[in-house]
Asks: 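Provided herewith is a single structure, encoded as structure tokens, for subsequent inquiry.
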Amino acid sequence: MARITSIIKELLGNAIYLKVSYLLLICFYTISFLMPLLDGLLKVVLIYGFLYLVYDLFTRRLFFKAPFVKFLLAFLALYAVTVAINYQKYLWDNFVVLCYMAVSMLILFPHDPQEDREKKKRELLLICRLISWILFATTVLSLLVYLLDINLILYYFGKPVYIGVHQNRLWGIYPNPNTSAVLAGLGIAASMLVWLLKRRSKKQTVLFCINFSCQMLLIVLSGSRGGELFLFALFGVILFFFRDKIAARFTKKHWQDAKKYLVSVICFLVFVASYYALSTPIKNAVALVPYGVSMITQSDGDQEPEDFQPLGREENADTSVDSGRLRLWKISLQRFAQHPVFGMTAKGLTDGVITDGAQTEHMHNLY
């Protein structure tokens with residue numbers, strides 16, 4: 001009995017278990033063929049988070065001590081008021097959103113300001129390693145799906161989910177190419193943090209380079225502008241915070257802060273310029289592999305071989321730079337103007353908005 005009690009105290013008293021399980025579930029839930037299998041686990045993590053918060057409330061009250069937590073609590077309280085005011089529509093759906101939001105914010109964000117800094121660093125490295133390896137594996141699977149010319153259609157709640165290539169963009173094993181690109185950018189950032197924070201060997205450097213190359217290739221093939229912006233933003237943030245380490249790679253002399261900032265800016269500009277300069281040649285070169293595979297698989301049939309076509313966004317009026325976002329954002333602003341104080345809840349915001357012949361699930365945020 002004492003053993004069970006100690007395990008329960010550890011599971012409910014240490015947020016790292018919940019953070020890891022939460023992040024692992026998010027990563028796996030973005031894989032198309034796993035989504036139906038993991039629906040129930042979302043509720044399990046929600047219950048686990050609720051029990052953790054109740055235990056914390058009667059013990060350390062950690063989430064009350066965290067910096068700026070009053071803003072989070074105020075936001076959640078105001079959103080609860082919004083849900084109550086709009087009770088006539090989607091009450092249960094909005095309540096579920098509120099619960100997930102509360103668990104996410106009050107567990108993933110708060111930390112103990114008095115906690116040992118080295119312990120925090122170890123937890124950060126653990127999370128970054130897990131995310132890095134999982135996203136590397138899913139990226140490799142997505143690239144293999146493309147290179148082996150595998151294309152499938154699955155159905156999730158009656159909606160088609162594409163595996164492989166769709167609309168001349170690589171979806172891979174993700175529900176859409178924007179998700180794949182953003183997660184690839186997150187995988188790069190996580191692996192960079194591990195690489196910069198730990199003493200690295202030649203083997204670790206090689207693994208980092210392989211991971212970096214695969215994730216970059218996925219972003220290029222996805223054709224996601226939001227994913228590209230997300231990647232550049234993450235890269236810029238890391239260059240800013242690790243400017244001392246980056247400057248030390250160029251010289252052993254002590255540089256002034258202004259010169260360190262300049263080096264980081266130059267690195268950022270070189271990275272962005274190289275990305276845009278190399279993306280098209282890379283798409284053309286990589287496309288030869290699936291084209292060769294399709295030629296082999298169709299060689300003994302009566303079908304005409306497909307024309308060689310590298311991946312690339314089909315630019316027209318429907319797939320312009322805004323991709324329908326501006327229309328959705330305009331609707332969002334109009335509805336905000338109608339309900340500027342108490343709002344209309346996440347579910348109410350998209351009520352009656354149709355895109356591509358179906359109910360809109362979100363107002364297409366840019367990462």
Asks: For a quick test of reading the model, state the closest non-hydrogen atom pair linking Ser142 to Leu218 and the distance between them.
Replies: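 Answer, listing the atom of Ser142 first, then Leu218: CB-CD1, 4.0 Å.
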Asks: If you measure from CG on Leu170 to CD1 on Ile163, what distance do you get to the nearest 0.5 Å?
Replies: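 That separation rounds to 11.5 Å.
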Asks: State, yes or no, whether a side-chain contact exists between Phe68 and Leu72 at a heavy-atom distance under 4.5 Å.
Replies: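 In short, these two side chains do not touch, never coming nearer than 4.5 Å.
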Asks: Count the heavy atoms of every other residue, nucleotide or ligand shown that sit under 6.0 Å from CZ of Phe95, and state whether that count exceeds 12.
Replies: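 No, not enclosed.
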Asks: Working to the nearest 0.5 Å, report the span between CG of Asn94 and SG of Cys99.
Replies: 11.0 Å
Asks: Between Leu234 and Ile188, does the side chain to side chain contact (heavy atoms under 4.5 Å, CB included) criterion hold? Intermediate values first, please.
Replies: CA-CA 9 Å; Leu234 283 176; Ile188 289 175; over 6 Å; no
Asks: Would you call Asn178 and Ser222 a side-chain contact if the rule is heavy atoms closer than 4.5 Å?
Replies: no
Asks: Compute the centroid of each ring, for Trp171 and then for Tyr174, and state whether the two points are separated by less than 6.0 Å.
Replies: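 Here the rings of Tyr174 and Trp171 have centres that are no less than 6.0 Å from each other.
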Asks: For Ile16 and Ile127, run side chain to side chain contact (heavy atoms under 4.5 Å, CB included): C-alpha distance rounded to whole Å, both residues' side-chain angles, the deciding distance at 0.1 Å, then the answer.
Replies: CA-CA 9 Å; Ile16 188 61; Ile127 290 172; 4.0 Å; yes
Asks: Side chains of Leu143 and Leu221, heavy atoms from C-beta outward: is any pair under 4.5 Å?
Replies: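 In short, these two side chains touch, coming nearer than 4.5 Å.
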Asks: If hydrophobic clusters are built from ILVMFWY residues whose side chains come within less than 4.5 Å, do Ile210 and Leu193 share one?
Replies: no
Asks: Verify the cluster assignment for Leu98 and Leu349: are they in a single hydrophobic cluster under the rule of side-chain heavy atoms below 4.5 Å apart?
Replies: no
Asks: About how many Å separate OG of Ser332 and CG of Leu326, when rounded to the nearest 0.5 Å?
Replies: 11.0 Å
Asks: I'd like to know if the side chain of Ser274 and the backbone of Val270 have a donor-acceptor N/O pair within less than 3.5 Å.
Replies: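 Here the side-chain-to-backbone pair exists.
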Asks: If we only count heavy atoms from C-beta on, is the Tyr100 to Met105 side-chain gap below 4.5 Å?
Replies: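 Heavy-atom side-chain distance check fails, nothing below 4.5 Å.
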Asks: Is Ser132 reaching over with its side chain to a backbone N or O of Arg129, donor-acceptor style, under 3.5 angstrom?
Replies: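 Here the side-chain-to-backbone pair does not exist.
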Asks: Distance only, no hydrogens: is a donor on one side chain within 3.5 Å (strictly under) of an acceptor on the other, for Gln167 and Tyr162?
Replies: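 Result is no, nothing qualifies.
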Asks: On the 0 to 90° scale, with breaks at 30° and 60°, tag the Tyr156-Tyr29 ring pair as parallel, tilted or perpendicular.
Replies: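 Tyr156 and Tyr29: perpendicular rings.
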Asks: If I compare all heavy atoms of Cys209 with all of Ser213, which pair ends up nearest, and what's the gap?
Replies: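 For Cys209 and Ser213, the tightest heavy-atom pair comes out as O-OG, 2.8 Å.
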Asks: Do Leu37 and Leu41 belong to the same hydrophobic cluster, where Ile, Leu, Val, Met, Phe, Trp and Tyr are linked whenever their side-chain heavy atoms lie under 4.5 Å apart, directly or via other members?
Replies: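 Same hydrophobic cluster.
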Asks: If we ignore hydrogens and angles and just use 3.5 Å, is the side chain of Thr82 paired with the main-chain N or O of Met344 as donor and acceptor?
Replies: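 Not confirmed, Thr82 side chain does not pair with Met344 backbone.
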Asks: Identify the two heavy atoms, one from Leu135 and one from Gly187, that lie closest to each other, and give their separation to 0.1 Å.
Replies: CD1-N, 3.6 Å
Asks: What do the steps show when you test Phe33 against Ile31 for side chain to side chain contact (heavy atoms under 4.5 Å, CB included), and what is the final call?
Replies: CA-CA 6 Å; Phe33 54 84; Ile31 300 173; 3.6 Å; yes
Asks: Could you grab the distance from atom CG of Leu186 to atom SG of Cys27, nearest 0.5 Å is fine?
Replies: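 Reported to 0.5 Å precision, the distance equals 7.0 Å.
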Asks: Given the rule that I, L, V, M, F, W and Y join up when any side-chain heavy atoms are under 4.5 Å apart, are Ile238 and Ile266 in one cluster?
Replies: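 No: no chain of side-chain contacts under 4.5 Å links Ile238 to Ile266.
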Asks: What are the two closest heavy atoms between Val165 and Asn168, and how far apart are they?
Replies: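 Minimum heavy-atom separation between Val165 and Asn168: CG1-CA, 4.0 Å.
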Asks: Parallel under 30°, tilted from 30 to 60°, perpendicular over 60°: which one fits the rings of Phe136 and Trp133?
Replies: perpendicular
Asks: Donor-acceptor check, side chain of Trp195 to backbone of Phe208, threshold 3.5 angstrom: yes or no?
Replies: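 No: the side chain of Trp195 does not pair with the backbone of Phe208.
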Asks: Do Glu123 and Asn14 have side chains that approach each other closer than 4.5 Å (heavy atoms only, starting at C-beta)?
Replies: yes
Asks: Ring centroids only, cut at 6.0 angstrom: are Tyr48 and Tyr22 within range, meaning strictly under it?
Replies: no
Asks: Does one side chain, of Asn86 or Thr345, offer a donor that lies under 3.5 Å from an acceptor on the other?
Replies: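 Their side chains do not contain a donor-acceptor pair, so the 3.5 Å distance test is not met.
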Asks: For the residue pair Val293 and Leu147, establish whether any side-chain heavy-atom pair is separated by less than 4.5 Å.
Replies: no
Asks: How far apart are the closest heavy atoms of Cys214 and Thr139, and which atoms are they?
Replies: O-CG2, 3.5 Å
Asks: Does any N or O in the side chain of Thr360 come within less than 3.5 Å of the main-chain N or O of Val353, such that one atom is a donor and the other an acceptor?
Replies: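 A pair under 3.5 Å: yes.
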Asks: If you measure from the Lys or Arg side-chain nitrogens to the Asp or Glu carboxylate oxygens, is any gap between Asp351 and Lys89 under 4.0 Å?
Replies: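 Salt bridge between Asp351 and Lys89, a charged N being under 4.0 Å from a carboxylate O: yes.
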Asks: Under the 6.0 Å and 45° cation-pi test, does Arg243 pair with Phe240?
Replies: yes
Asks: Between CD of Gln338 and CG of Leu333, what distance do you get to the nearest 0.5 Å?
Replies: 11.5 Å
Asks: Could you state whether Leu144 and Leu154 fall into the same hydrophobic cluster, counting links through intermediate Ile, Leu, Val, Met, Phe, Trp or Tyr residues with side-chain heavy atoms under 4.5 angstrom apart?
Replies: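 Cluster IDs for Leu144 and Leu154 differ.
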Asks: Can you check side chain to side chain contact (heavy atoms under 4.5 Å, CB included) on Leu231 and Met216, steps first, answer last?
Replies: CA-CA 9 Å; Leu231 169 68; Met216 285 297 300; 3.7 Å; yes
Asks: Locate the shortest heavy-atom distance separating Val220 from Lys283; write the atom from each residue and the value.
Replies: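 Looking at all heavy atoms of both residues, the closest pair is O-CE, 2.9 Å.
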Asks: Under 6.0 Å between the ring centres of Phe232 and Tyr276?
Replies: yes
Asks: Using a 4.5 Å cut-off on heavy atoms from C-beta on, say whether the side chain of Tyr146 contacts that of Leu311.
Replies: yes
Asks: With a 4.5 Å cut-off on side-chain heavy atoms, are Ile153 and His166 touching?
Replies: no
Asks: Backbone N or O of Tyr52 within a donor-acceptor pair of the Asp56 side chain at under 3.5 Å?
Replies: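 Flag not set: sc Asp56 to bb Tyr52 has no pair under 3.5 Å.
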Asks: Answer yes or no: does atom CZ of Phe241 have more than 12 heavy-atom neighbours from other residues, nucleotides or ligands under 6.0 Å?
Replies: no
Asks: Nearest 0.5 Å, please: how far is OG in Ser224 from CD1 in Ile219?
Replies: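 Between Ile219 CD1 and Ser224 OG, I get 8.5 Å after rounding to 0.5 Å.
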